[in-house]
Amino acid sequence: MMKIPKIFLKIFGVIFILTLIYISFVFLFLIPKIENNAIALEDNLGKAQLQKTVQLVQSYAQELQNYKETALQQRKDELRKLTEVVYNIINIHYKKSLQEGADTAALQNQALNLIKDLRYGNNDYFYVSNYKNILLSHPYLKNVDFSNIKDIHGELIVPPLVRIARQKGEGFISYWWKKNSQDLTPYEKLTYAKNFAPWQWVVGTGVYIDDIEKDINARKEILIQKLKKILDNTKIGKNGYVYIFDNTGRMIIHQNKELEGKKFDHFLNPGKKTYIYNDLVNAYKHGNKTLYYNWDAPNDRGKYVYKKISWIEYNPSFSWYICSSEYLNEAHADSDNLKHFMIYSILFMLFVTITIGLYFVKQIFQPIVTLSHNAQEVIDGNLQARYTDKIDKDEIGLLAQQYNTMLDTIKVQMDTLDNAVQEKTKKLTIALEEKEVLLKEINHRVKNNLYVISSIVGLQAFQTKEIKLEDFIQTIQQRIHAMAIGHEMLSQSVHLNSLNAQDYIPRLVQSLVEAYVEEPESCKCIYDVDSVTFELDKLLACGLIINELVTNAIKYALKTPQNYLLVRLKEKGAMLELTIEDNGEGFSSEHKSGVGLDLVKMLVEQIEGKIEIQKRNPTRITITFPK
């Protein structure tokens with residue numbers, strides 16, 4: 001019987017332990033978590049549908065409220081306008097009473113008789129009361145004291161009208177009153193009162209607003225029908241639904257049409273001694289807003305054995321309780337199905353994983369043992385030992401292949417070491433030759449730069465009679481220093497034949513400031529330089545141009561702290577644009593070109609550029625040349 005390798009037992013043990021840990025995690029944490037989340041999701045869907053319905057009902061309530069407010073405002077405006085006519089009649093008679101010899105009492109009676117006979121609308125009339133609540137003008141109740149007369153709700157009628165008119169000049173109140181002797185039913189009446197202080201009268205009129213309530217109720221019924229159509233097509237889960245009832249226990253909307261329009265406050269909560277209406281209302285009032293109970297199903301009416309949950313909200317505008325409901329067995333069915341599917345899937349995948357894993361562990365184990373034996377032979381001195389079994393295209397096969405390749409490489413490297421040394425020697429010889437060529441190139445460029453210096457000195461020599469020897473020497477030194485800075489920075493650069501303008505230009509300008517300005521820190525220099533790489537020839541040419549123009553600006557422009565010097569180098573496609581600008585006095589009409597400007601023009605031609613000069617406000621010299 002073949003002995004089972006220890007490494008195989010270790011790997012199998014690790015797989016077995018990890019499998020137990022994974023199964024424990026899935027059954028103890030993952031599946032309960034998913035089940036709870038699935039149930040919570042169903043609950044959230046029910047609550048979300050409830051909130052949508054609540055918002056819809058609130059929008060309907062707001063629509064009715066807006067209509068009522070608009071209708072009442074229209075009635076108030078009409079009452080104001082009508083009363084204003086009567087008020088003007090009284091005011092006209094009052095003005096007549098102010099005339100000499102006028103009979104005030106007669107004029108008052110005349111005004112009251114006119115008002116008594118005025119009619120509008122549906123035989124509506126006006127009234128006049130004095131401050132003692134006695135009706136001075138009324139079609140039916142003239143000279144009646146209304147100080148203690150109340151409506152059916154026990155509210156005084158005339159005293160509040162007199163009080164609001166005296167305090168605010170005008171105002172509205174409503175009370176309940178019968179329309180006529182044939183109809184003894186009291187209706188709400190909106191009344192307007194306006195104060196006529198000179199005679200201590202209150203004049204006004206009122207209209208019944210039951211027609212507004214009728215319109216509102218009609219509109220409300222239309223909105224209920226719209227809401228029914230929406231909720232009839234709304235499902236929560238498979239058979240859950242939304243239902244609505246009012247605070248009197250009347251069912252407004254329900255999936256069971258036999259309940260709609262009927263009071264259900266006498267229905268017992270199945271299995272309990274309480275009423276389902278009271279339980280729903282109390283669940284909302286106590287803050288839980290959730291009720292569990294038994295009820296019948298849409299496909300099984302009359303059997304109140306199905307566990308159900310309702311979420312409850314309240315709309316104060318309609319005095320409606322709005323509920324979304326769901327059957328618990330349906331809510332849990334999806335989570336149960338998901339749980340069973342996960343359990344079976346996990347068990348199946350674990351079985352497949354363990355089976356396949358053990359097979360591959362066995363396949364991996366054998367090549368490792370073989371490689372271990374071969375490695376020991378190499379240690380013992382047998383460099384010809386090779387892995388001769390089948391090499392698969394996996395990590396173990398790659399390891400075996402690399403093992404064989406490593407041994408082959410060692411042999412090849414030993415055989416070709418001399419060739420490698422000779423090749424290295426050849427490369428060093430070529431590198432040495434390249435350095436010699438580079439040194440010759442550097443010598444050639446230095447010679448050219450010396451010729452440039454010689455030419456500069458020759459140009460300056462023409463003006464030695466006009467310029468002091470000290471200035472002459474300093475000028476030559478600065479020109480040479482401008483070239484020396486370039487060589488110095490090139491020697492420190494990685495690239496021995498090119499240099500970045502962002503490094504070179506600020507350093508060159510700063511050296512000129514330090515040379516010509518007693519207090520360099522007071523000199524305001526502004527740099528706007530793009531990252532541009534110059535070869536040596538173009539670098540030195542630009543350096544000499546900047547040297548001449550900046551030196552000229554420092555000497556003749558930077559005389560006050562308000563003066564500035566701007567040095568700008570910008571890329572413009574295939575061209576470069578160099579700008580030297582200052583806000584000094586500028587070029588005078590007598591200004592001569594001088595060696596500096598001549599040298600600049602010569603250097604500009606050398607780099608195939610062109611120069612533009614703006615003499616003042618500010619002084620700007622712009623040189624454009626190819627990269």
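Quick caveat: nothing in here was measured; it's all calculated off a predicted structure. Atoms considered below: every heavy atom in the structure, side chains included; atoms not considered: hydrogens, waters and symmetry mates.
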| said: Taking atom CD as the centre, does Glu258 end up with more than 12 heavy-atom neighbours from other residues, nucleotides or ligands that are less than 6.0 angstrom away? | reply: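 Counting neighbours around CD of Glu258, 12 or fewer heavy atoms of other residues, nucleotides or ligands fall under 6.0 Å, so no.
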
| request: Flag yes if more than 12 heavy atoms outside Lys228 fall under 6.0 Å of its NZ atom; otherwise flag no. | output: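 More than 12 within 6.0 Å, yes.
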
I want to check something: taking the side chain as every heavy atom from C-beta on, are [X] and [Y] in contact at a cut-off of under 4.5 Å?
X	Y	result
Leu79	Val207	yes
Thr191	Tyr127	yes
Ile173	Ile157	no
Met251	Tyr243	yes
Tyr306	Tyr304	no

| said: Is there a ring pair (Phe, Tyr, Trp, His ring centres under 6.0 Å) between Tyr277 and Phe267? Walk through the geometry before answering. | reply: CA-CA 7 Å; Tyr277 166 78; Phe267 283 22; over 10 Å; no

Kindly list each side-chain donor-acceptor pair under 3.5 angstrom involving residues 106-117, sequence neighbours excluded, with atom names and distances?
unit_1 : atom_1 : unit_2 : atom_2 : d
Asn109 : ND2    : Ala105 : O      : 3.3
Asn113 : ND2    : Asn109 : O      : 3.1

| request: Tell me whether the guanidinium CZ or amine NZ of Arg250 lies under 6.0 angstrom from the six-membered ring centre of Phe245 and within 45° of its axis. | output: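 Relative to the ring axis of Phe245, which defines the angle, Arg250 lies outside at least one limit.
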
| field | Within 45° cone of Tyr327 ring axis and under 6.0 Å: Lys308 NZ or CZ | value | yes

Under 3.5 Å, is there a donor-acceptor pair linking the side chains of [X] and [Y]?
X	Y	answer
Asn500	Ser531	yes
Asp215	Tyr67	yes
Glu221	Gln225	yes
Thr83	Lys194	no

Counting the benzene-type ring for Trp, do [X] and [Y] have ring centres under 6.0 Å apart?
X	Y	answer
Tyr60	Phe318	no
His266	Tyr275	no
His153	Tyr175	no

Whether the side chain of [X] engages the backbone of [Y] through a donor-acceptor N/O pair (distance < 3.5 Å, no angle test) should be reported.
X	Y	value
Thr53	Gln49	yes
Gln502	Val529	yes
Asn269	Ile276	no

